[in-house]
Amino acid sequence: MSWASPEDTYLSTSLASYLDKKLLVLLRDGRKLLGILRSFDQFANAVLESACERAIVGDLYCDIPLGLYVIRGENVVLIGELDVEKEELPPHMRRVSTAEIRRAQKAEREASDLKGTMRKRMEFLDLD
């Protein structure tokens, strides 16, 4: 007895066209993964070879190597093929080290937390 529905079969068929191609996978938590699709199943679980996480903060970016990476299908928001002939990022983007992008991510997170805290403190004004 198979648990796959017709929708699962359609999904599997569409992923088959991406086998052995370089993909960008957007995950539910906002991470962006790049790699070559080597395998998948009816639940859209996927295996990426030579995978890396692309971290972007402002005009800075870093590709953090992950190696062979298994992605659970329920965490996938979007899958798209990358054109290996074209430049992947706009020219104004600057590549930085992993340590530098982590510092930038931390600063961005702290700024966001501060903004949320300030918004909560100002709620009593009812500016809406």
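FYI, the numbering just counts along the sequence from 1.
Between I64 and R102 the shortest heavy-atom distance is CD1-NH2, 3.2 Å. Of all non-hydrogen atoms in S39 and L19, the two that sit nearest each other are N-CD2, 4.0 Å. Contact detail for A44 and V76: the closest heavy-atom pair is O-CG2, 4.5 Å. Nearest heavy atoms, L68 versus E49: CD1-CA, 3.9 Å. Closest approach of A55 to Q105, counting heavy atoms only: CB-NE2, 3.5 Å. A pairwise comparison of heavy atoms in A16 and F40 identifies N-CZ, 3.5 Å as the closest pair.
Expressed to the nearest 0.5 Å, how far CG of L48 lies from CG of L37 amounts to 6.5 Å. Here the straight-line distance linking atom CG of L66 with atom CG of L33 works out to 6.5 Å at 0.5 Å rounding. Here the straight-line distance linking atom CZ of R54 with atom CE of M93 works out to 8.0 Å at 0.5 Å rounding. The distance from the CG atom of L78 to the NZ atom of K32 is 11.5 Å, given to the nearest 0.5 Å. A distance of 9.0 Å separates CD1 in I101 from CD in E108, rounded to the nearest 0.5 Å.
Within the 4.5 Å cutoff, no side-chain heavy atoms of D29 are placed close to those of N75. By the 4.5 Å heavy-atom criterion applied to side chains, R95 and D63 are counted as neighbours.
Linking Ile, Leu, Val, Met, Phe, Trp and Tyr residues whenever their side-chain heavy atoms come within less than 4.5 Å leaves V47 and Y18 in two separate clusters. Residues I36 and I79 do not share a hydrophobic cluster, defined by chaining ILVMFWY side chains whose heavy atoms lie under 4.5 Å apart. Y61 and V96 sit in two unconnected hydrophobic clusters of ILVMFWY residues. Membership requires side-chain heavy atoms under 4.5 Å apart, directly or through other members.
A donor-acceptor pair under 3.5 Å links the side-chain atoms of N45 to the main chain of G73, judged by distance alone.
For R72, the salt bridge (Lys or Arg N to Asp or Glu O under 4.0 Å) criterion is met by E74, not counting sequence neighbours.
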